[in-house]
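Notes follow once the structure below has been shown.
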Amino acid sequence: MTEKTKFVFITGGVVSSLGKGIAASSLGFLLKQRGLKIILQKYDPYLNVDPGTMSPFQHGEVFVTDDGAETDLDLGHYERFTDINLSQRSNVTTGQVYEAVINREREGGYLGGTVQVIPHITDEIKGRILKGAKGNGDVDVVITEIGGTSGDIEGLPFLEAVRQLQFELGEGNSLYIHLTLVPYIAAAREIKTKPTQHSVKGLREIGIQPDLLLCRSERPLSDEIKNKISLFCNVEKEAVIEALDSDSIYEVPLNLHKEGFDEIVVKKLRLECEPPMLDNWKEMTRKIRSPRSHVRIAICGKYVHLVDAYKSIVESFTHAGVANDVKVDIQWVNAEDVEEEGVESCLRGISGILIPGGFGERGIEGKIAAVRYARENNIPFLGICLGLQCAVIEYARSVCGLKAGSSEFDPDVEAPVIDLMLQQRNLKKMGGNMRLGSYPCRLKEGSLAERLYGIEEIDERHRHRWEVNNEYREILKENGLVFSGLSPEGDLVEMVELDSHPYFIASQFHPEFKSRPQKPHPLFDGLVKAAIQLSNASTKQDFQETSRK
Ligand code: GLN
């Protein structure tokens with residue numbers, strides 16, 4: 001943090017799911033493209049210490065940072081839009097804040113004092129916001145998104161903390177952005193500003209006057225509507241920004257820029273900078289809008305009814321699609337349906353199959369059947385984490401003839417080809433103790449993995465407790481499974497692949513966390529390329545021949 005570091009706070013009102021994360025990411029992107037050094041943070045008002053123990057059904061994907069923090073999926077958007085690798089410090093929850101304060105109280109840190117929400121909890125929050133700006137070189141702007149909806153009881157300490165901060169930081173050093181909904185009421189054929197007025201009124205009651213309003217709307221806002229919002233909410237008209245629905249999240253920063261969003265932010269914060277460089281991003285969104293062709297790839301998993309559960313994977317397909325001028329049409333396949341309806345009826349005609357990470361036994365046999373279908377029919381395949389484990393189990397069963405499984409699902413399995421990692425055996429607590437974050441991996445010379453990455457040593461992010469059991473490595477290898485990625489010491493299997501297949505590869509790590517809009521991940525890029533080849537080939541036979549050449 002420097003003397004000159006500026007702070008932006010983003011809150012949301014009226015309803016949840018308005019896209020605060022995308023708004024924060026868009027601002028981060030636009031400021032970065034203006035040459036400013038930025039950092040993004042998400043403050044979540046729930047009591048969980050982190051989302052690591054929450055079900056994806058509740059919370060969507062758990063995004064993992066390089067330093068092994070299990071974080072809110074908005075951090076994924078932050079990283080993708082800004083291409084900045086964030087850390088633990090960028091996701092703070094009420095649980096973490098209370099944990100720190102209560103621990104300090106037990107250690108005698110407040111001896112003699114009564115520990116209270118104000119000032120102790122709010123001080124801890126302020127401290128973390130300020131700390132977010134430290135240790136990252138000279139940060140010009142810290143963007144802090146407050147989760148939840150203004151008016152929620154649990155969010156109040158955060159709002160009080162940022163209210164105090166504005167006062168302490170002084171004039172021109174901080175800015176409040178409030179994201180709100182301006183609905184169109186079909187029966188009245190009118191756009192309504194009342195929910196926004198009330199939302200802002202609520203903020204003002206607790207001492208926060210927004211400087212800028214981002215108005216989510218299905219319809220363009222007329223001058224008259226903007227004037228009304230401006231007058232009733234006490235926000236200058238030019239700072240009432242229309243945020244129309246858009247087809248792709250990657251269009252949002254461009255639309256907001258057209259509305260003058262970043263211009264007003266830099267003006268109000270008195271930042272000196274250039275106009276943003278947007279040409280490459282524009283070209284990317286043009287490609288997203290008009291792909292040359294389509295390719296269909298199945299994601300066979302457990303949480304397929306909830307797209308948020310696989311957010312980074314979906315985005316990785318968008319990125320790899322752009323790089324190859326195609327739109328990846330994702331076919332969601334529930335692994336349990338594969339068990340009931342048969343693999344053929346669920347996956348017929350598909351050009352690629354991805355098995356994502358996951359926990360628990362449900363749908364496992366369906367996933368293993370999908371791996372077998374991909375392997376036997378030369379369908380491009382990418383397995384991620386649990387997907388790798390399924391691929392190894394399938395190979396051990398079908399090719400090595402073992403009664404194989406994972407001890408995660410059956411502690412008494414005859415051949416536990418996937419077993420609990422040694423370090424994980426005696427852990428009793430559930431949160432934050434998997435193998436988490438970035439670890440190096442050495443790629444086998446001449447392997448598909450090495451060709452895809454173009455380098456020999458990579459770093460990728462992990463989140464798992466089980467691993468390939470080294471006792472079965474020899475027999476799997478003898479039968480043709482290639483261990484193409486290992487930990488530098490050679491004791492952990494990180495990647496497997498098959499020589500005899502056009503594209504069959506799996507990783508114990510999660511490549512999806514490191515895919516970027518303009519830098520698709522090699523494993524996704526490879527899958528999409530192979531899928532295009534397959535869908536272009538008139539027969540699968542053809543494909544096999546062309547891809548071998
Ligand atoms: N459940 C498996 C494990 O803990 C896989 C985890 C994952 O896919 N992220 O090892």
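We count ligands from 1, going down the list as the structure has it; atoms in each ligand are counted the same way.
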Pair E154-T94, side-chain donor/acceptor within less than 3.5 Å
no
With a 4.0 Å cut-off on N to O distance, would you call E315 and R80 a salt bridge?
no
Side chains of residues 301-308: which donor-acceptor pairs under 3.5 Å do they make with residues two or more places apart or in other chains?
unit_1: K302; atom_1: NZ; unit_2: F359; atom_2: O; d: 2.6
unit_1: D308; atom_1: OD1; unit_2: K311; atom_2: NZ; d: 3.0

Please tabulate, for side-chain N and O atoms in residues 434-444, each donor-acceptor pair with protein atoms closer than 3.5 Å (sequence neighbours left out).
unit_1: R435; atom_1: NH1; unit_2: H462; atom_2: NE2; d: 3.4
unit_1: R435; atom_1: NH1; unit_2: H464; atom_2: NE2; d: 3.2
unit_1: R435; atom_1: NH1; unit_2: E494; atom_2: OE2; d: 3.4
unit_1: R435; atom_1: NH2; unit_2: E494; atom_2: OE2; d: 2.9
unit_1: R442; atom_1: NE; unit_2: E457; atom_2: OE1; d: 2.8
unit_1: R442; atom_1: NH2; unit_2: E457; atom_2: OE1; d: 3.3

Any Lys/Arg nitrogen of D247 or R289 sitting under 4.0 Å from an Asp/Glu carboxylate oxygen of the other?
no
Qualifying residues under side chain to side chain contact (heavy atoms under 4.5 Å, CB included), relative to E336, sequence neighbours excluded:
N334, E339, R362
So which residues, sorted by chain and number, lie with a heavy atom under 4.0 Å of ligand 1?
G357, G358, F359, C385, L386, Q389, E408, R463, H464, R465, W466, H510
